[in-house]
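Working notes, structure below.
All heavy atoms count here, side chains included; hydrogens, waters and symmetry mates do not. Quantities reported herein were computed from a predicted structural model and do not represent experimental measurements. Note on naming: letters A, B, ... go to the chains in the order of the sequence lines (proteins, then strands), and numbering restarts at 1 for each one.
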Number of protein chains: 2
Amino acid sequence: MTALAEIFKALGDPIRLEIVQRLSRGETFTIGDVSSDLGVTRQGARKHLQVLVDAKLVKLEPKGRDVYVRFETNSLDDAKAFIAEVEKRWDSRLEALRQFLEGE
Amino acid sequence: MTALAEIFKALGDPIRLEIVQRLSRGETFTIGDVSSDLGVTRQGARKHLQVLVDAKLVKLEPKGRDVYVRFETNSLDDAKAFIAEVEKRWDSRLEALRQFLEGE
DNA sequence: CTAATATGCAACTAAATGGTTGTATATACT
DNA sequence: AGTATATACAACCATTTAGTTGCATATTAG
């Protein structure tokens, strides 16, 4: 799969969206925290986190017996660029249509 | 599922990403065109399109025996806002860290 | 050293996904 | 009218996904 599609797919789940949002708010947490906070077993949490790791949105840092979840800086740049590009193209089409209709 | 997660999930597939991109480039096509252009059966194309319709990224307009695929204006706004928000928060955290380290 | 804690790895299940084929229906062409 | 075309709907299949439980391993606490 495309790297970009993989990023969107990783974001396409409420639990994973919540994880990313919490990270961006500066919250610090471990795999176990994700499990207890988001109401899923540790293994369930681990699987969601692996999806985010594979999409390079997140990295895992073992520290002692805990594993901390860290945000991967700049990981959303491609997704942002895609959306911006799509919207830009679409807007310029609408603008061209507007000018045509107004006869400019 | 959250409306937002549903949007990301809909974008989380190379074929659907391609459909959205083509629409934004101003291409005009029917369900049958998606099928032949993207190498999937009509029913396969139809299913992908339904995912995009459910996420409100696209609408289908029957015209005679054809069904045209149209881009749904502003449909990506929430996705864009989410990413912008996450990046903004993250950047301001990094900035705070920088200032702390530099002792400003 | 022993007990508790946090995770890893593997197996399993139910449901969703991505894809197909087959058949039916409506529209368009000659 | 009769044929070809574009789609709809349903059933089916293989794979992936989201979740679980069970057991093993490593680290921390007493």
Checklist entry - Considering only D/dT7, D/dT17, C/dG19, which nucleotide approaches the side chain of A/Lys9 most closely? => result D/dT17

Checklist entry - Any idea which of C/dG18, D/dA8, D/dT20 is nearest the A/Lys47 side chain? => result D/dT20

Checklist entry - Side chains of A/Gln50 and A/Arg46: donor-acceptor distance under 3.5 Å anywhere? => result yes

Checklist entry - Over how many whole Å does the gap from B/Asp13 atom CG to D/dT15 atom C1' extend? => result 14 Å

Checklist entry - So what does B/Val51 touch, heavy atoms closer than 4.0 Å: a base, only the sugar-phosphate, or nothing? => result nothing

Checklist entry - Taking only side-chain nitrogens and oxygens of B/Arg46, does any of them come within less than 4.0 Å of OP1 or OP2 of D/dT7? => result no

Next on the checklist: Could you tell me how far apart B/Ile31 (CD1) and C/dT27 (C1') are, to the nearest whole angstrom?
Outcome noted: 15 Å

Next on the checklist: Base of D/dT5, side chain of B/Arg65 - is there a donor-acceptor contact under 3.5 Å?
Outcome noted: yes

Item to check | Selected nucleotide, minimal atom distance to A/Thr30 side chain, candidates C/dT7, D/dC12, D/dA8 | outcome: C/dT7

Checklist entry - Would you call A/Leu60 and A/Val69 a side-chain contact if the rule is heavy atoms closer than 4.5 Å? => result yes

Item to check | B/Ile7 side chain reached by B/Phe82 side chain, heavy atoms, under 4.5 Å | outcome: no

Checklist entry - Base, sugar-phosphate, or nothing: which does B/Gly64 touch, judged by heavy atoms less than 4.0 Å apart? => result sugar-phosphate

Checklist entry - C/dG8 P sits how many Å from A/Leu49 CG, rounded? => result 9 Å

Next on the checklist: Can you tell me which nucleotide in D/dT7, D/dG19, C/dG18 comes closest to the side chain of A/Ile15?
Outcome noted: D/dG19

Item to check | Check: B/Arg89 side chain, A/Ser24 main-chain N or O, donor-acceptor pair, under 3.5 Å | outcome: no

Checklist outcome for this item: Rounded to whole Å, OH of B/Tyr68 lies from C1' of D/dT7 at a distance of 13 Å

Checklist entry - Does C/dG8 have OP1 or OP2 sitting under 4.0 Å from an N or O in the side chain of A/Arg42? => result no

Next on the checklist: Between C1' on C/dA28 and CG on B/Asp66, what's the gap in Å once rounded to a whole number?
Outcome noted: 10 Å

Item to check | A/Leu60 CG - C/dC9 P separation (whole Å) | outcome: 12 Å

Checklist entry - Would you say the base of C/dG8 and the side-chain of A/Gln43 have a donor-acceptor pair closer than 3.5 Å? => result yes

Checklist entry - If you check the A/Thr41 side chain, which of C/dT21, D/dT20, D/dA18 turns out closest? => result D/dT20

Item to check | Nearest-Å distance for atom pair CG/C1', residues B/Leu52 and C/dT17 | outcome: 14 Å

